[in-house]
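One structure below.
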Amino acid sequence: MGDLDVPLEQEMGKEEPVCDPESMGSEDMLFMLYTSGSTGTPKGLVHTQAGYLLYAAVTHKLVFDHQPGDVFGCVADIGWITGHSYVVYGPLCNGATSVLFESTPVYPDAGRYWETVQRLRINQFYGAPTAVRLLLKYGDSWVKKYDRSSLRTLGSVGEPINHEAWEWLHKVVGDSRCTVVDTWWQTETGGICIAPRPSEEGAEILPGMAMRPFFGIIPVLMDEKGNIVEGGNVSGALCLSQAWPGMARTIYGDHQRFVNAYFKAYPGYYFTGDGAHRTKGGYYQITGRMDDVINISGHRLGTAEIEDAMADHPAVPESAVIGYPHDIKGEAAFAFIVLKDNAGDADVVVKELKAAVASKIAKYAVPNEILVVKRLPKTRSGKVMRRLLRKIILGGDLGDTTTLEDPSIITEILSAYQKHRGKQAASK
Ligand code: WTA
């Protein structure tokens, strides 16, 4: 045992098994959870006692069809809002048996989730699409090996679920007999806001869609001018037009930032930061973030945070990070960096940058690719044009480049990118 280790049993023995409850006001702070935004440092969102708990409990019961005696298996980390609401608060408030999962879906092998389902007779399974995308590559045999007859509801959270992953969850994991619920919500909302359930008995559920607003949630879509978009088969910025019990109340220590981040873009409405499409039938499909927030394996990250983590490197005066589609992670980070003249070996700097991001944020935040460029594309007012960088990677029409301070920069970055691609292909 090392100097820092403390035996758990010994410490637990010092405590009373029961402690007196403390009575709290309904609007007292319950907890604070940090999450990323498009600018600045992460925001400490504050949830309160009564509203949050009520909302977590009601959504847990109705979205997953949780019945007394059921075993609820949310495999999210409890440090994430998903774990807070659907491992701890919601299930426990409803007196449910809640499974605590601490591992990865592929340890010791790719059957880990389904072995857990069989052993604990889990009735509702809730996890992130990134794990589903990873597991389906290992094949169906890891699923079929275990008895999953206890399962009734399969939930997805944290990022859009692609059709392939949805179908696999439905057909292979759920043997085409379980209800699949794609649940949309955020750290800020406290609990699920858009999901296929509750709905009338037998109502349709469409793949890859969060579909219906939960009780008390009134979504609206806004166009670029801030007008409400009516009707079906339309897209826009997703806002919620009425307060609901589980919404965060403030950003700890900075209420003005809370107001600015969520209520300024569309006065009178809560702006989610996401875009959405409404079908002819009135169902919602989330299309992704509209700001500089990316979603790597269900982890929400501001591109600015990754840039900040790299900014301390003495050889890197500037960087720009963007998200691009990735098979398993959903999105991955691509970093463009500028090096000082005396920076030395670029490969060494790239390695150091990766290590810096891993230690300051987390391993999952490390950019998949880092490309050295001479300059970044900027507007005349000095703003980095990430939109152009994205187009350079993804291809397609570059659009209007007239606001660029120096248009020749595009050819410069394109040729650096093509060289980078060539080098990668050669090393494979
Ligand atoms: C994204 C996680 C598509 C979205 C509970 C949101 C989703 C952000 C879905 C919040 C979904 C979450 N379909 N996108 N079902 N669920 N998102 O705060 O961009 O970690 O704004 O909360 O994840 O991430 P957070």
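Order of appearance sets the numbers: ligands from 1, and atoms from 1 within every ligand. Residue numbers count from 1 along this sequence. All heavy atoms count here, side chains included; hydrogens, waters and symmetry mates do not.
You'll find the side chain of Met222 stays beyond 4.5 Å of the side chain of Leu238, heavy atoms only.
A salt bridge is absent between Arg278 and Glu230: the closest approach of a Lys/Arg side-chain nitrogen to an acidic carboxylate oxygen does not fall below 4.0 angstrom.
Per-residue contacts place Asp182 under 4.0 angstrom from the following atoms of ligand 1 (heavy atoms of the residue considered): 11 (C), 15 (N). Heavy-atom proximity to Thr82, at under 4.0 Å, picks out these atoms of ligand 1: 5 (C). Remark: ligand 1 atoms within the under-4.0 Å shell around heavy atoms of Ile286 are 3 (C), 14 (N). Those atoms of ligand 1 with a heavy atom of Asn295 less than 4.0 angstrom away are 1 (C), 23 (O). Listed by number with element, the atoms of ligand 1 under 4.0 Å from a non-hydrogen atom of Arg289 are 19 (O), 21 (O).
A donor-acceptor pair shorter than 3.5 Å can be found between the side chains of Arg421 and Gln424. Judged by distance alone, the side chains of Thr187 and Tyr34 never bring a donor and an acceptor atom under 3.5 Å apart. In the model, Gln124 has no side-chain atom that pairs as donor or acceptor with a side-chain atom of His60 under 3.5 Å. A donor-acceptor contact under 3.5 angstrom links the side chains of Glu188 and Tyr262, judged on distance only.
In this structure, the protein non-hydrogen atom closest to atom 21 (O) of ligand 1 is Asp274 OD2, 2.7 Å. Protein heavy atom nearest atom 24 (O) of ligand 1, with residue, atom name and distance: Arg300 CD, 3.5 Å. Among all non-hydrogen protein atoms, the one lying nearest atom 23 (O) of ligand 1 is Gly158 O, 3.2 Å. Looking only at protein heavy atoms, the nearest one to atom 20 (O) of ligand 1 is Trp80 NE1, 2.9 Å.
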Walk me through it: do Asp274 and Trp184 pass the test side-chain hydrogen bond (donor to acceptor under 3.5 Å, both in side chains)? CA-CA 10 Å; Asp274 284 325; Trp184 175 86; 2.8 Å; yes

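Nearest residue to atom 18 (O) of ligand 1 from Val181, Thr187, Val293 is Thr187 (criterion: closest heavy atom). With atom 9 (C) of ligand 1 as the reference point, the heavy atom nearest to it among Glu159, His84, Gln285 is part of Glu159.
The backbone N or O of Val87 sits less than 3.5 Å from a side-chain atom of Ser98, completing a donor-acceptor pair.
Considering Thr116, Ile122, Val117 in turn, Thr116 is the only one that fulfils the side-chain contact (heavy atoms from CB on, under 4.5 Å) rule with Arg119.
Neither the backbone nor the side chain of His299 has any atom closer than 4.0 Å to an atom of ligand 1 (non-hydrogen atoms only). In Gln186, the parts holding a heavy atom less than 4.0 Å from any atom of ligand 1 are both the side chain and the backbone.
A heavy-atom separation below 4.0 Å is found between Pro160 and ligand 1.
Polar contact check, Ser156 against ligand 1: no nitrogen or oxygen pair lies under 3.5 Å apart.
Ring to ring, Tyr269 and Phe263 are not that close: their centroids are 6.0 angstrom or more apart.
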